[in-house]
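Here is the structure we will look at, set down as structure tokens.
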Amino acid sequence: MTLFPRRTTVAAAVSFALTALLAPAVPAAAAYASVVPSSAAVLAAPDIPVANVKAHLAQLQSIATANGGNRAHGRAGYKASVDYVKAKLDAAGFTTALQTFTSSGTTGYNLIADWPGGDASQVVMTGAHLDSVTAGPGINDNGSGSAATLETALAVSRAGYQPSKHLRFAWWGAEELGMVGSTYYVSHLAAADRAKIAGYLNFDMIGSPNPGYFVYDDDPTIEKTFKDYYAGLSIPTEIETEGDGRSDHAPFKSAGIPVGGLFSGADYTKTAAQAQKWGGTSGQAFDRCYHASCDTSANINDTALDRNSDAIAYAVWGLSAATTPPPAGTVFENTANVVVPDNGAAVTSSVAVTGRTGNAPVTLKAGVDIKHTFRGDLVIDLIAPDGSAYRLKNSSSSDSADNVIATYTVNASSETANGTWKLRVQDVAAQDTGYIDSWNLTF
């Protein structure tokens, strides 16, 4: 991960070459906001063996050791790292390409790998930076993300996976100099090719020795995909803020491409509350060897590396698969988070219903997922397009559980189906907080 945010295009990238033909990039018209991964595809995502990921890390450590102790841009260790990853992908049947650029007076390399097949107008792209800082071998930062991305790509090959969307993987150069490689890649894509990238998933530091479980909150559906994975493990997550603007998702986000990803923490300090829910040591950095010579193969938490590697596969499979209509009917969903003020005014989240005929059904289903520390404080209403309110839940001081995760049945047969429906939530008592995670209507 880059030490400081960089908000400008890196002018040093001045030369461009491809040693293999890049597969067509992909239509942002297919943005994830309206796409829910099919459960069948998600269930098919393979387990990523952490031993395989660690074997890649051992190779990266050996490369650094043999090349001055690092794998930094412009150094022999970086090129040897690229060659190692490329050889694995070539043998697995990927179409690989080296994209060259110049930064700080030396040649840098991006490695791009395309898996044959899938809709080339809808590309799911997964990436990680492969370079280290000059101070050390960079095994957590960012051998961890690079190795897990590589092993996920190899799992695609082993499974003979045939996704609906096109899969592309990338390993970026010179990230530690300010996202140079990824910025160069995005800035040199034609507008039509940028529009084809349905989403970019970034993995920068996912094996921190004192780990947290952080999820990017940039694109609602990508975010929900990762949250759903961790909810299935009963592991709470937090929104990732430490790396905002400091890794390779930034140039994609600036270009209007949906982005998401995972992060296990760098030099920020783990709080007591975080240690209570995740384990580890409070008052200590998530990675005390961040950008230091001690970021070696000993600087990895195997559990975090294993979980995050599996989460990458879960997202790649789920977001690239064909979607299927929900069996109970058509679903309209909003996955954007809305904070519910403590003992404050009501807030709403909207869903636009289109394409229906006539009125809503007698058994309209309203699925609600609200994260809250005391559900008894909440009053929840469904608001029809004409403003009519349907009470879903009253407040109750005896309702002492947390969260509201439920499906309510509403007789909305007097309401026109098409239009803007709203979920209205109010916290009517003090000292507890939460947010609307997502909600949906099933017709």
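Keep in mind that what you see is a predicted model, and the values were worked out from it rather than measured.
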Name every donor-acceptor pair, under 3.5 Å, that has one atom in a side chain of residues 249-263 and the other anywhere in the protein, sequence neighbours excluded.
{"unit_1": "K253", "atom_1": "NZ", "unit_2": "D218", "atom_2": "OD1", "d": "2.6"}
{"unit_1": "S254", "atom_1": "OG", "unit_2": "A250", "atom_2": "O", "d": "3.1"}

Pairs satisfying salt bridge (charged side-chain N to carboxylate O under 4.0 Å, His left out), at least one member in [range], at least two apart:
range: residues 49-65; answer: K54-D302
range: residues 146-158; answer: E151-R158
range: residues 88-113; answer: K86-D90

Determine whether the side chains of [X] and [Y] contain a donor N or O and an acceptor N or O closer than 3.5 Å.
X: R307; Y: Y229; answer: no
X: N140; Y: D287; answer: yes
X: D295; Y: Y290; answer: no
X: N202; Y: S247; answer: yes
X: K224; Y: S438; answer: no
X: S350; Y: W421; answer: no
X: D114; Y: H166; answer: yes

My understanding is that only residues two or more places apart in sequence, or in another chain, count here; which of them pass side chain to side chain donor-acceptor pair (under 3.5 Å) with [X]?
X: D131; answer: H129
X: T106; answer: H73
X: D47; answer: none
X: Q162; answer: none

Please check if the side chain of [X] supplies one atom and the backbone of [Y] the other of a donor-acceptor pair under 3.5 Å.
X: S157; Y: A92; value: yes
X: R71; Y: S81; value: no
X: D119; Y: S164; value: no
X: S208; Y: N210; value: no

List for me each residue that meets ring pair (Phe, Tyr, Trp, His ring centres under 6.0 Å) alongside [X], sequence neighbours excluded, and say none if there are none.
X: F286; answer: F214
X: W115; answer: F94
X: Y78; answer: none

request  = Not counting sequence neighbours, which residues clear salt bridge (Lys or Arg N to Asp or Glu O under 4.0 Å) with K79? List them please.
outcome  =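 So K79 forms a salt bridge (Lys or Arg N to Asp or Glu O under 4.0 Å) with D83.
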